[in-house]
Amino acid sequence: MNFFGTDGIRGTYGSTLKDSTAFLLGKSLALLGDCPIILIARDTRLSGDNLFTALAQGVYSGGGNVINLGILPTNAVGHFVRKFGGDYGVMITASHNPPEDNGLKVFDRYGVKLCQSKQQVVSRMMDSLRNERAEASGVYEPVFYDIENIYCDDMLRSLSVQLSKLSIALDCCYGASFKVAPMVFAKAGAKVAAFCNQSAGSKVNVGCGANNPEFLQEKMREGNYHLGFAFDGDCDRLQVFEGTEVVPNNRIFYAFAKYLYENGKLHNSTVCGTVLTNGGVETALERLGVKLLRSDVGDVNVFNTMIAEGLNFGGEESGHYLLTDYATSSDAIVNALLVCKIYSEKGSILGYTAECCDKPFATANIPLTKANQRLATNQSLTATISRVSQLYPDCRIVLRKSGTENKVRAYLEGDQAAAAMSVVVATFAQSPSKTK
């Protein structure tokens with residue numbers, strides 16, 4: 001059995017994700033090492049404490065040791081695994097999912113999320129220990145002292161910025177960034193207004209954060225801010241605002257690629273996007289002389305393509321950006337600091353990226369039910385793509401089963417994307433017996 005989805009192990013706490021899962025993961029990681037050191041951080045979700053305890057119990061049961069990083073962004077786990085010489089790292093989070101969900105993202109000793117082959121090894125070990133029971137005793141593991149300041153200072157050293165002329169608004173969405181994000185921008189000299197910057201796990205991503213840009217946009221209208229940044233629950237996803245305008249994620253991707261290329265820092269004059277990266281981005285990059293490679297969706301897939309091709313920048317339309325000169329996974333704070341640097345030098349992100357225009361596209365998240373579940377197999381999705389492509393040959397069609405939710409995610413690109421999407425949605429609205 002493979003316990004891992006698109007980005008770690010994830011589910012609804014108490015239902016599809018239980019303390020026993022965390023225990024099995026902790027013990028498996030411990031048994032796969034030689035008295036290993038495993039670093040653990042979490043976001044603010046209410047289930048985080050229980051999952052931490054179960055995970056730590058598993059580690060100790062397997063002969064390992066734990067370093068508790070407390071509440072920090074996801075990339076901090078990978079960062080400190082390398083900095084402290086750990087063997088594994090685990091981030092307890094469900095990222096942009098609702099508060100009732102939680103998950104477990106696993107990093108190796110290089111600060112990189114486990115590749116599929118390593119996930120399979122861990123999954124097999126977890127499966128073999130399935131009958132194990134978590135020990136009843138609690139775990140008291142104090143948080144590593146002053147870890148937030150250490151992380152802030154490390155980020156600012158890696159990406160030197162001076163923000164004394166900028167007024168910045170932050171939406172921390174009651175998540176993992178609630179403390180460190182305001183700290184790092186204040187340390188860089190910016191005037192900071194922080195919203196949703198409390199540890200309130202029941203409110204994570206609810207009406208705020210990167211997936212709900214309307215909240216911070218309204219705050220931007222009420223104040224006088226140069227830039228605004230909205231994070232998600234574990235601070236790996238970023239939404240950018242300039243003045244009162246939302247800056248599309250594709251424009252941020254393009255801004256990073258253009259800036260690195262113009263400064264001679266873009267390896268091989270090539271970047272990595274995904275199958276969801278809009279064709280308009282590819283066209284604008286080609287005009288610069290930059291090549292776009294595409295991976296499957298998921299930052300692990302982006303990272304693996306980057307490593308294979310010797311690249312130092314890649315990202316996803318969802319707002320994940322991998323800048324491997326500064327981090328081994330997507331860190332929305334690091335990414336926001338680079339946005340600030342570009343803005344300070346160029347005067348406007350929107351102006352700097354004006355030539356990057358999306359091709360027409362349509363998206364849909366189609367819920368899966370008992371009636372249409374069978375249509376979500378790889379074979380059925382391929383058949384649907386083939387059928388719709390015959391009707392709309394100029395459309396680029398991506399259909400994939402979500403790795404984090406019980407949905408099919410549809411992305412269609414081209415002048416007839418809206419019409420083609422209506423056919424896709426109608427296909428899943430029928431029962432399999434009625435679908436030809």
Side-chain angles (χ1 to χ4, degrees), residues 7-8 10 39-45 48 51-52 67-84 86 89-97 102-107 111-113 143-144 146-159 168 170-188 192 194-201 204-205 208-211 229-240 299-300 303 315-316 318-324 326-340:
D7 194 7
R10 194 177 301 184
L39 288 78
I40 304 173
R42 63 182 181 87
D43 67 19
T44 59
R45 293 167 203 268
L51 287 169
F52 172 83
I67 294 178
N68 183 7
L69 298 175
I71 296 174
L72 283 178
T74 285
N75 184 64
V77 177
H79 175 77
F80 285 118
V81 166
R82 288 177 294 135
K83 187 179 180 76
F84 296 159
V90 180
M91 177 67 183
I92 302 172
T93 182
S95 191
H96 60 281
N97 282 32
N102 217 325
L104 304 156
K105 297 184 179 182
V106 186
F107 293 78
V112 175
K113 291 178 183 176
V143 177
F144 195 95
D146 205 30
I147 196 70
E148 296 92 355
N149 271 308
I150 296 173
Y151 190 54
C152 288
D153 291 343
D154 285 352
M155 280 190 287
L156 291 173
R157 272 193 296 268
S158 69
L159 188 62
I168 293 173
L170 305 176
D171 176 1
C172 301
C173 84
Y174 304 106
S177 66
F178 85 93
K179 190 172 184 180
V180 295
M183 285 176 63
V184 74
F185 285 97
K187 280 175 174 277
V192 179
F195 305 97
C196 307
N197 58 324
Q198 299 90 35
S199 179
V204 170
N205 300 318
C208 58
N211 278 18
F229 301 109
F231 309 115
D232 68 337
D234 69 333
C235 195
D236 66 352
R237 185 175 292 211
L238 178 67
Q239 180 65 68
V240 178
D299 61 353
V300 172
F303 182 85
E316 300 185 88
S318 56
H320 296 95
Y321 310 103
L322 290 163
L323 295 157
T324 54
Y326 312 114
T328 54
S329 66
S330 179
D331 189 319
I333 298 176
V334 169
N335 297 335
L337 289 172
L338 183 55
V339 171
C340 291

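Keep in mind that this is a model prediction, so the values were computed, not measured.
Atom OG1 of Thr44 and atom CD1 of Ile71 lie 6.0 Å apart (nearest 0.5 Å). Distance SG/Cys173 to CG/Asn197: 11.0 Å, rounded to 0.5 Å. Interatomic distance, Leu39 CG to Ile67 CD1, rounded to the nearest 0.5 Å: 4.5 Å.
Proximity of Leu104 to Met91: side-chain heavy atoms (C-beta onward) are nowhere separated by under 4.5 Å. Proximity of Gln239 to Asp171: side-chain heavy atoms (C-beta onward) are nowhere separated by under 4.5 Å.
Phe185 and Phe229 have parallel rings, their planes meeting at less than 30° on a 0 to 90° scale where 60° marks the start of perpendicular.
Here Cys235 pairs with Pro73, Ser177, Phe231, Ala332, Ile333 under the side-chain contact (heavy atoms from CB on, under 4.5 Å) rule; sequence neighbours left out. By the salt bridge (charged side-chain N to carboxylate O under 4.0 Å, His left out) test, Asp331 pairs with no residue at all, sequence neighbours left out. Residues passing the ring-ring contact (aromatic ring centres under 6.0 Å, His included) test with Phe144, sequence neighbours excluded: Phe84.
A donor-acceptor contact closer than 3.5 angstrom is absent between the side chains of Asn75 and Tyr326.
Screening Arg237, His320, Lys113 against Asp299 for a side chain to side chain donor-acceptor pair (under 3.5 Å) leaves a single residue, Lys113.
Of all heavy-atom pairs between Ser330 and Asn335, the closest is OG-ND2, 3.6 Å.
Panel note: side chain Asn205, backbone Ser95; a donor-acceptor pair is recorded below 3.5 Å.
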